[in-house]
Number of protein chains: 2
Amino acid sequence: MPHLLLKDLPRYECLLECSKHFPGLDPSACEAFLYLLRAGDEAFRVIDAHFQAHDLSQGRFTVLMLLFEKPSGQPHALTPAQLAEQSGVTRATMTGLVDTLERDGMVTRRPDPVDRRQLSVELTPRGLEFLQSLLPEHFRRISALLSPLDENERRTFVALLGKVAACASETFPAPVHGAPAHT
Amino acid sequence: MPHLLLKDLPRYECLLECSKHFPGLDPSACEAFLYLLRAGDEAFRVIDAHFQAHDLSQGRFTVLMLLFEKPSGQPHALTPAQLAEQSGVTRATMTGLVDTLERDGMVTRRPDPVDRRQLSVELTPRGLEFLQSLLPEHFRRISALLSPLDENERRTFVALLGKVAACASETFPAPVHGAPAHT
DNA sequence: ACCTAATGATTAGGCCCCTAACAAAAGCAA
DNA sequence: TTGCTTTTGTTAGGGGCCTAATCATTAGGT
């Protein structure tokens, strides 16, 4: 589900032209911004096409990965609230994601004997098997996407992306999904 | 509407650890991939927050921009099919976008006297005024987002993003929205 | 104990985007 | 002209994500 975006990015000369009409328009910033959005979109599209072929969405994949046993070894059981917090969606959305994953037999909900409000979401053997069958192609696509960049360029790339992302979350902080904590 | 994504990106050491369990996992590629998605998400979020404050979506904004008179001077009138093609959504989606834009008085549909299948979509004076009142803050946010990068870094940034995007669309071509042209 | 506040999960309703199917109009072949 | 085929815009239905409201359970203050 790519963000709606211009099919053909405007040329830099066009942006220069536009900047004459809009004093606030920074041509090189706009160009970098558009390239960032388009590259992110393209990368997302490539990964999502693979997911869709297996009736998976980005959201469902993230949930499965969170429940996937870490290298440490022990399997993961998380509550819907924890899953929502760690994957950056609302609890309401997580309800829907777990609904479909449970319907497809990938995860199970279990009531918590201690706190009867909570549930415990776990990966089923079928979910584990599914994920493991999916990951090789997933990683292959990621490797292919980044193949035009050598190790040095990748370091530079990560550094630049990190700067922009940090600036975004500092200058325009994201609203907190849970309680606003208005202190 | 950010893509669902891990709140905290895994550390590079963790990716190295994971690569032992998955031979296909390329740690530096995964890191760059995750940074790209997150930076794209953050940038999108910053821009979208501004849009939402004015009851605008990325899709509706793109349509308004396509209808906005270019520096050349003459106003733009496009058919829904042209709008869909240039903004990368389906015609069905464009119908909905133009529906809401017309309801809000931003654009008008006019029948084409020559080809009675076609419509002509134009910006209304109100739509033009609205767009012009919106753009300064829009450009301000883009400038702010890219402010941590100097001109030199921006050129590098654009070059690296361009490489990745080009690789994505070549290695995994996007399906054509219109006729598949199965030759 | 009692009343209130906070927390967990869910439901209801909305927006954005998609695919598939459709009717109307235009183009084209025989 | 009559019959395909293509193109245009639309509708119908679905999925993903959101916010706001709801209900049950737990925790805290008195």
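For the numbers below, each heavy atom of this structure counts, side chains included, while hydrogens, waters and symmetry mates do not. First the proteins, then the strands, lettered A, B, ... as listed; each starts at 1.
At a threshold of 4.0 angstrom between heavy atoms, the contacts of B/V114 are confined to the sugar-phosphate backbone, with no base atom among them. Note on B/S57: only backbone sugar-phosphate atoms sit closer than 4.0 angstrom, heavy atoms only; bases stay farther off.
Atom-to-atom, CZ of A/F61 to C1' of D/dG15 comes out at 19 Å; the value is rounded to the nearest Å. Atom-to-atom, CZ of B/R45 to P of D/dC18 comes out at 13 Å; the value is rounded to the nearest Å. Atom-to-atom, CD of B/Q52 to C1' of D/dC18 comes out at 9 Å; the value is rounded to the nearest Å. As a whole-Å value, the separation of A/M94 CE from C/dT11 C1' is 17 Å. The separation between A/D55 atom CG and D/dG14 atom C1' is 13 Å, rounded to whole Å. Regarding A/L119, its CG atom lies at a distance of 13 Å from the C1' atom of C/dT7, rounded to whole Å.
For the pair B/R117 and C/dG27, the criterion of a side-chain N or O lying under 4.0 Å from OP1 or OP2 is not met. Using a 4.0 Å cut-off, some side-chain N or O of B/R109 falls inside it from OP1 or OP2 of D/dT10. Phosphate contact (OP1/OP2 of D/dT26, side-chain N/O of A/R116, threshold under 4.0 Å): present. Between B/T95 and D/dG9 there is no side-chain polar atom (N or O) within less than 4.0 angstrom of OP1 or OP2. The side chain of B/T93 contributes no N or O atom lying less than 4.0 Å from OP1 or OP2 of C/dC17.
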- Full working for salt bridge (charged side-chain N to carboxylate O under 4.0 Å, His left out) between B/D99 and B/R109: CA-CA 9 Å; B/D99 275 350; B/R109 281 181 170 99; 2.9 Å; yes
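Taking only side-chain atoms of A/R91, from C-beta outward, the nucleotide of C/dA9, C/dT19, C/dC16 with the closest atom is C/dA9. Of all nucleotides listed (D/dT10, D/dC18, C/dC17), C/dC17 comes nearest to the side chain of B/L97.
In this structure, A/E31 does not pair ionically with B/R154, as no charged nitrogen and carboxylate oxygen lie closer than 4.0 Å. A salt bridge links B/E137 with B/R141: the closest approach of a Lys/Arg side-chain nitrogen to an acidic carboxylate oxygen falls below 4.0 angstrom.
Comparing A/A92 and A/D115 against DNA chain D, the residue whose closest nucleotide sits nearer the 5' end is A/A92.
In this structure, B/H138 and A/F33 have perpendicular ring planes: the angle between them is above 60°, well past the 30° mark.
A/F61 pairs with exactly one of A/F51, A/F68, A/F44 by the ring pair (Phe, Tyr, Trp, His ring centres under 6.0 Å) rule, that one being A/F51.
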